[in-house]
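Every heavy atom of this structure was used, including side-chain atoms; hydrogens, water molecules and symmetry mates were not. Residue numbers start at 1 and run along the sequence shown.
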Amino acid sequence: MNGPLFSPEPTPDSPGPAPTETKYVFVTGGVVSSLGKGIAAASLGRLLKARGLKVVNQKLDPYINVDPGTMNPFQHGEVFVTDDGGETDLDLGHYERFTGENLKRSSNVTSGSVYLSVIQKERRGDYLGDTVQVIPHITNEIKERIQRVGSQDVDVVITEVGGTVGDIESLPFLEAIRQYGNDVGRENVLYVHVTLVPYIATSEELKTKPTQHSVAELRSKGIHPDLIIVRSDRDIDEEVRRKISLFCDVEPRAVIATPDARDIYEVPLVLHDGGMDTVVCDRLGLVTGPPNLDAWRAMVDKALAATDPVTVGIVGKYVGLPDAYLSVVEALRHGAAAHGMKLDLRWIPSDELTGLLSDSYLEDLDGVVVPGGFGHRGVEGKIQAIRYAREHNIPFLGLCLGLQCAVIEFSRAVLGLTDANSTEFDPSSPDPVIDLMESQEEVEVKGGTMRLGLYAAKLAEGSLVRSLYGEELVYERHRHRWEVNNHYRKDLEAAGMRLSGLSPDDNLVEYIELVDHPFFVATQAHPEFRSRPDVPHPLFAGLVGAAAMKRASRPATATNEVQGVAVD
């Protein structure tokens, strides 16, 4: 093994010398998908950062789409937007939430983007007439993307390879990371493999054979894992650990058990208790102090200790796949934990909110969130939910399309513009209170007209959002095309809707609120992308706080049973 077997641990006040060159950790998965490679990669980032190292995470995705921006949320889950406007995989959200680092679009690499870049180079003549092949041209492009994030003055780059070993789509990525170990020196690279050890109830045994086969498949690609993360529904005993160590040719201490955790934010603590960060630092020759996890552990303990529920409904059209709203859910959990509350989350399909039926979904909620989305389906249900929340004083938070629906609902019900709508849904509406930005009216190319990434907003003095943020100028990530039509701004304000946040040039509405409501706030942005478990976003913390007050004011005989799916 390269590097000392056990590196000395200086005191926390003396973290030790910084590494002289960037180290690289590659995380692969086997047996089945959805084992939690992203959580493992994010957790390792948290642990190394807690040791004083500068870390950046990256995801290599095998699909041919250039990015997930046009992919169906039912298939792919949410599109996570970075500060620089990258439309990326949802795992980048995990990376940011766990490490607290804001990533760039370069942290998400797809097969589609790699092949597109190579083909464009070939068309320009960059390869001087060479026959363009997977090796070396595609693999070189992948390695260049890895090197790109490694050149950002970081100590450790943690790169997750999507899919599972054996997938045909992943082969170029596996070959690239194999070559990378030779390119930068094997002492600077560590391979982590996440695999499944299933429990067979009939024989009452944990079976290691799937892990053995998965590692054998990985080794057939030329990659020898240095560390194996074992996923199971229960802890593994020392006999199982040593069996995996023997058959997979890794140290026993490098077989890290990760039984199902009570909370995903507990995973870094589980991995640390299993010795993962120590093995990684020893193998890569990283001399650091022990990780300072006190604040993180206290945050997890507080969340796990919460027992008082607060019921919040997410009204959306993709509720059949909760990952479509992953960052919204996590931001709500962060807000609930900050108040010492346990989130009782209700999934409410906006398609079904019609007529009297909406009451059965909404009547006992403590709070309502209407998240973003595109397309007409389910919009009228969102509008109905917003009307119910406004009329029944239920705390409400609208995100992106949620703001647009709130403006439409208010225009119809309060301004009396019964046909008010967005030109996205009704291009011939006589009252297009939501419309394209002027600069977009002549643009016809889909995907080229959105506001993407970080934008500033000025918050009005005395407004609720100003008090929540605690500052005048704020920055949030955006992903949308349509805006509040400026021709209706005066009418909206005259009727009682406060336009509490505007773009710095006063041209675009960024935040709205109702003064005579316990909590009625909406933003054109996606604040959920910037919420962290240890630093909850103020809008979500504010919503949960108002929802807790709403719950406390309910009659003692009130019931909390409604249609929908409840999750902890």
- prompt: For residues 508-519, which residue pairs qualify under salt bridge (Lys or Arg N to Asp or Glu O under 4.0 Å), counting only residues two or more places apart or in two chains?
  reply: Arg451-Glu510
task: Indicate whether any N or O donor in one side chain lies under 3.5 Å from an N or O acceptor in the other, for Tyr115 and Gln120.
output: no
query: Would you call Tyr455 and Tyr475 a side-chain contact if the rule is heavy atoms closer than 4.5 Å?
result: no
message: Under a 3.5 Å cutoff, is there a donor and acceptor pairing between the side chains of Thr110 and Asn108?
response: no
field: side chain to side chain donor-acceptor pair (under 3.5 Å) contacts in which one or both residues fall within residues 313-327, not counting sequence neighbours
entry: Glu78-Ser327, Arg97-Ser327
message: Please tell me whether Tyr95 and Glu160 have a donor and an acceptor in their side chains that are separated by less than 3.5 angstrom.
response: yes
task: Apply side chain to side chain donor-acceptor pair (under 3.5 Å) to Arg297 and list each qualifying residue two or more places apart in sequence or on a separate chain.
output: none
task: Look at the aromatic rings of His478 and His480 and report parallel, tilted or perpendicular, splitting at 30° and 60°.
output: tilted
- prompt: How about Phe529 and Phe80: are their ring centroids closer than 6.0 Å?
  reply: yes
message: Would you say Asp344 and Thr311 are linked by a side-chain donor-acceptor pair, where the criterion is simply a distance under 3.5 Å?
response: yes
field: Geometric class of the Tyr265/Trp296 ring pair [parallel <30°, tilted 30-60°, perpendicular >60°]
entry: perpendicular
query: Does any donor atom in the side chain of Ser422 or Gln404 lie under 3.5 Å from an acceptor atom in the other side chain?
result: no
